[in-house]
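Down below is the structure, laid out as structure tokens.
We're numbering straight along the sequence, starting at 1.
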Amino acid sequence: MHLHREVLSLPIFENAPQGCLKLLSRHVRSNFCAPGEYLVHTGDALTNIHFVCNGSMEVLQNGMVVAILGKGDLVGCDININDPDQVLKSSSDVKALTYCDLKCIHIPGLMEVLKLYPEFAQTFCSDILHDLTFNLREGYEMEVGSPIKSLIII
């Protein structure tokens, strides 16, 4: 837990029981990206939620920059605890602009832990919608009416 305290101390985990955090720490990994390296490509299955510890990244849709990510940003997708087998795909590319240090939470592992803590699972699933800096889930713009879609139309 000490190695991953940066990600486990995020507001999204503040209501998590200590046992839940211990189990979650087993599903957190460190990742590094060099400038120009892609973390996620459009259409990739989303298997991780990424927390940017250091560095900067850009989110691209159809070759256009729609977001810049930096230290403290959370990028990934919302999850549905009621459909753990649902395959979620990225609607965007995520590319490193500088050297980046990331912490990655493996979504299948997260789902296993949330099954063991159903009282926290509901809170987590609703809070992640608000805590993600950028939601990569395919079709997200159409479901939520993202301001990014509005900007493109204008």
Any side-chain heavy-atom pair from [X] and [Y] closer than 4.5 angstrom?
X	Y	value
Thr123	Asn15	yes
Tyr99	Pro35	yes
Leu97	Met57	no
Val94	Phe134	no
Cys53	Lys71	no
Val28	Cys104	no

Gap between atom [atom2] of [Y] and atom [atom1] of [X] - 0.5 Å precision:
X	Y	atom1	atom2	value
Ile12	Ile128	CD1	CD1	4.0 Å
Ile105	Thr47	CD1	OG1	12.0 Å
Ile49	Ile107	CD1	CD1	4.5 Å
His27	His106	NE2	NE2	8.0 Å
Met111	Leu116	CE	CG	12.5 Å
Asn31	Asn48	CG	CG	8.0 Å

- Quick note, ring-ring contact (aromatic ring centres under 6.0 Å, His included) partners involving residues 41-79, not counting sequence neighbours, are Tyr38-His41
For the residue pair [X] and [Y], what are the closest heavy atoms and their distance?
X	Y	value
Asp101	Phe32	OD1-CE2, 3.3 Å
Asp78	Leu88	O-CD1, 3.4 Å
Glu6	Leu10	O-CG, 4.0 Å
Leu114	Ala121	O-CB, 3.6 Å
Ile68	Asp73	O-OD2, 4.0 Å
Phe13	Leu8	CB-O, 3.5 Å

Distance-only, no hydrogens or angles: does the [X] side chain make a donor-acceptor pair with backbone N or O of [Y] under 3.5 Å?
X	Y	answer
Asn135	Arg137	yes
Thr98	Ser56	yes
Glu37	Ala34	yes
Ser92	Leu136	no

- Message: Regarding Thr42 and Asp93, do their side chains bring together a donor and an acceptor under 3.5 Å, going by distance alone?
- Response: yes
- Message: Please determine whether a side-chain nitrogen of the Lys or Arg among Asp44 and Lys89 lies less than 4.0 Å from a carboxylate oxygen of the Asp or Glu.
- Response: no
- Query: Between Tyr117 and Phe124, is the gap from one ring center to the other below 6.0 Å?
  - Reply: no
- Message: Applying a strict under-4.5 Å side-chain criterion to I, L, V, M, F, W and Y, I'd like to know whether Leu60 and Leu46 cluster together.
- Response: no
- Message: Once side-chain hydrogen bond (donor to acceptor under 3.5 Å, both in side chains) is applied, do any residues pair with Ser30, and if so which ones, sequence neighbours excluded?
- Response: Lys103
